[in-house]
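Working notes, beginning with the structure itself.
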Amino acid sequence: MTAQVVLDAVNKVYGARNKNPIYAVRDFSIRIAPGEIVALLGSSGCGKTSTLRMIAGFEEVTKGEIFIGERRIHELPPAQRGVAMAFEGYSLYPPLTLRENIAFALKAEKLGSAETDRRVQEIARLLELEPHLDRYPSTVSAGQQQRASLGRALVRKAELYLLDEPMGQLEPQLRAVLRGRLKRYLREHGLTAILVTHDQTEANALADRIAVMEGGVLQQFASPAELKNAPANLFVGTFIGEPPMNVYRVKPAISGGRLSLRSEGEELFGYEAGAVSDEVLGLMARQGEVVVGVRPSDVVVGSEGAPAEIVSNQWIGDQTHLESSFGGGVIVATIPDRFAARVGAAIRVDVPADRLHVFASQGQALAHGRRVAANGAGA
Ligand SMILES: Nc1ncnc2c1ncn2[C@@H]1O[C@H](COP(=O)(O)OP(=O)(O)O)[C@@H](O)[C@H]1O
Ligand SMILES: [Mg+2]
């Protein structure tokens, strides 16, 4: 039932004939394996919904092609694409109960009433909607409307499920529960899905691979682990991860194999010969200036490293966020335990060489720890 989904250089321009056309999506290409769950992740306005609506057929593709298996679906009317979509804005039929709304999605499948009931019940149980099935959309909460909208997409048989911020209206605890159930449901049935979200926790929890978008442009399409360990550029590096990666613009100075990363003549980080791989040292030597990135969880607060001064110390319930003034800016560290030190206290911060991310001054990744990045060597 499921097939590979391919987006090939898909573009969306709104008002192409207007004086100021809006370029919502640019040359977007991805290949999704059958049964894969993919998240489109990015901040508001980056083109996620436009991409989904083009796949569903509610927006015309300005340029490019979309395939499910061998079928070129971007030329077909929405009903013939084999795609089920849950919308960001619910769009339930007001005169129908939630039960009727969900069942309505099954109309085209021409099932008997017993099978329709069974499928509606199964989805209602999955989404905790059973007690509300006989109520009308206007009499239930936004979260319940949203779950009914999700149910209406999931209840259908389709080759591809498109879910636009499907849990944005839910309270955090229910969201976490339903996230787990949704993933299990998609997996058990071997369904292929594209989920749109601006919430990286949701993307990490649900998706096999995440497409990070910014300004209508795909920045990186990779697994959650790869996005964290080997971000393709500075945007992905700082967008993925909470709190965000610390970044510093530095000039590398190398002598006798020792690497010194300096800002305005002062050393921020220094590494003895051998700590940094020869390959990485070599590419740093060719750059006048680089941006180095350090994840807060990789900053070691202790008796070694560069001097810093605490500006805030927050226990957030399961870890400490420590912010310190450092090298003309700040450095944020996360510590698993409570950290007993007051604002103003002097500390030392160290970043192991194998935790350092290096980006060219224009942003593309050069190295991650001892590894040269995929496109790093040529940069
Ligand atoms: N129907 C439309 N007409 C004109 N511009 C639109 C329309 N829909 C979206 N846009 C614009 O396209 C860009 C991408 O929007 P959208 O795809 O909704 O992003 P996201 O879902 O990531 O928030 C935004 O600049 C938005 O204002
Ligand atoms: Mg959107």
Side-chain angles (χ1 to χ4, degrees), residues 1-2 5 32-42 48-49 52 83-90 92 98-99 101-102 105 118-133 140-212 221-229 239-242 297 316-319 334 336:
M1 177 87 176
T2 54
V5 177
I32 301 170
E36 193 174 18
I37 305 171
V38 163
L40 304 184
L41 176 68
K48 306 181 296 293
T49 296
L52 225 52
V83 165
M85 178 158 174
F87 296 88
E88 201 175 358
Y90 337 131
L92 299 170
L98 300 192
R99 182 194 305 281
N101 262 284
I102 297 172
R118 194 194 64 75
R119 294 258 289 274
V120 173
Q121 282 297 333
E122 181 192 0
I123 290 296
R125 204 173 314 119
L126 181 85
L127 299 174
E128 308 233 329
L129 277 173
E130 283 172 302
H132 317 295
L133 277 177
V140 302
S141 71
Q144 287 156 353
Q145 290 182 52
Q146 190 164 42
R147 279 181 276 151
S149 168
L150 177 58
R152 211 169 49 168
L154 292 179
V155 80
R156 288 183 49 193
K157 289 255 179 292
E159 287 199 71
L160 176 63
Y161 294 79
L162 304 173
L163 312 175
D164 195 354
E165 309 265 4
M167 290 176 283
Q169 296 293 327
L170 308 189
E171 292 172 10
Q173 282 173 359
L174 184 59
R175 192 151 72 201
V177 171
L178 290 192
R179 211 154 61 201
R181 286 196 201 167
L182 176 60
K183 181 157 188 173
R184 205 170 62 222
Y185 181 86
L186 294 171
R187 277 277 189 272
E188 274 173 4
H189 295 78
L191 307 179
T192 311
I194 305 178
L195 160 87
V196 157
T197 181
H198 62 270
D199 176 352
Q200 50 178 292
T201 308
E202 192 160 294
N204 281 325
L206 275 165
D208 298 305
R209 284 190 293 169
I210 300 173
V212 180
F221 182 41
S223 69
E226 208 177 333
L227 291 179
K228 179 160 177 277
N229 298 328
F239 186 75
I240 302 286
E242 242 303 296
S297 54
I316 62 156
D318 58 356
Q319 55 178 235
T334 55

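Keep in mind that the numbers below use all heavy atoms, side chains included, and drop hydrogens, waters and symmetry copies. Worth saying up front: this structure is predicted, and the values here are computed from it rather than measured.
Arg187 is listed as a side-chain neighbour of Ile37, based on a closest heavy-atom distance under 4.5 Å. The side-chain heavy atoms of Thr201 and Arg179, taken from C-beta on, include a pair separated by under 4.5 Å. Using a 4.5 Å heavy-atom cutoff, the side chains of Leu150 and Ile123 are not in contact. Side-chain atoms of Asn204 and Leu227, non-hydrogen and from C-beta on, never get closer than 4.5 Å to each other. The closest side-chain heavy-atom distance from Tyr185 to Leu191 is below 4.5 Å.
Here Glu36 pairs with Arg209 in a salt bridge; the nearest charged N to carboxylate O distance falls below 4.0 Å.
Among residues two or more places apart in sequence or in another chain, the side chain to side chain donor-acceptor pair (under 3.5 Å) test is passed with Arg125 by none.
Rounded to the nearest 0.5 angstrom, Leu127 CG and Ile102 CD1 are separated by 7.0 Å. His189 NE2 to Lys157 NZ: the interatomic distance, rounded to the nearest 0.5 Å, is 6.5 Å. With rounding to the nearest 0.5 angstrom, the CZ atom of Arg99 is 12.5 Å from the NE2 atom of His132. Taking CD from Glu165 and CG from Leu52, the interatomic distance works out to 10.0 Å, rounded to the nearest 0.5 Å. We find the CG-CG distance between Leu206 and Leu195 to be 5.5 Å, quoted to the nearest 0.5 Å. With rounding to the nearest 0.5 angstrom, the CG atom of Leu40 is 14.0 Å from the NE2 atom of His198.
With hydrogens and angles ignored, the 3.5 Å screen pairs no side-chain donor or acceptor of Arg152 with any backbone N or O of Ala105. Between the side chain of Arg147 and the backbone N or O of Glu128, at least one donor-acceptor pair lies under 3.5 Å. With Tyr161 contributing its side chain and Arg156 its backbone, the two residues share a donor-acceptor pair below 3.5 Å. Between the side chain of Gln169 and the backbone N or O of Ala142, no donor-acceptor pair lies under 3.5 Å. In this structure, Glu159 contributes its side chain and Val5 its backbone to no donor-acceptor pair below 3.5 Å. A side-chain donor-acceptor contact under 3.5 Å links Gln200 to the backbone of Gly241.
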Could you check Gln121 against Leu133 for side chain to side chain contact (heavy atoms under 4.5 Å, CB included), going step by step and ending with a plain yes or no?
CA-CA 9 Å; Gln121 282 297 333; Leu133 277 177; 4.0 Å; yes
Could you give me the CA-CA distance, side-chain angles and deciding distance for Ile240 and Leu41, then say whether side chain to side chain contact (heavy atoms under 4.5 Å, CB included) is met?
CA-CA 10 Å; Ile240 302 286; Leu41 176 68; 3.7 Å; yes
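Residue Ala84 comes nearest to Ala153 through the heavy atom pair CB-O, 3.5 Å, listed as atom of the first residue, atom of the second, then distance. The two atoms that bring Val120 and Val155 nearest to each other are N-CG2, 4.3 Å, heavy atoms only. Contact between Ile210 and Pro224 at its shortest, heavy atoms only, is CD1-CG, 4.0 Å. Considering every non-hydrogen atom in both Ser149 and Ala86, the closest pair reads O-CB, 3.9 Å. Nearest heavy-atom pair across Thr334 and Gln319 is CG2-OE1, 3.5 Å.
Within a 6.0 Å radius of NZ in Lys183, other residues, nucleotides and ligands contribute more than 12 heavy atoms.
When the options Leu174, Thr197, Leu182 are evaluated for a side chain to side chain contact (heavy atoms under 4.5 Å, CB included) with Met167, the one that passes is Leu182.
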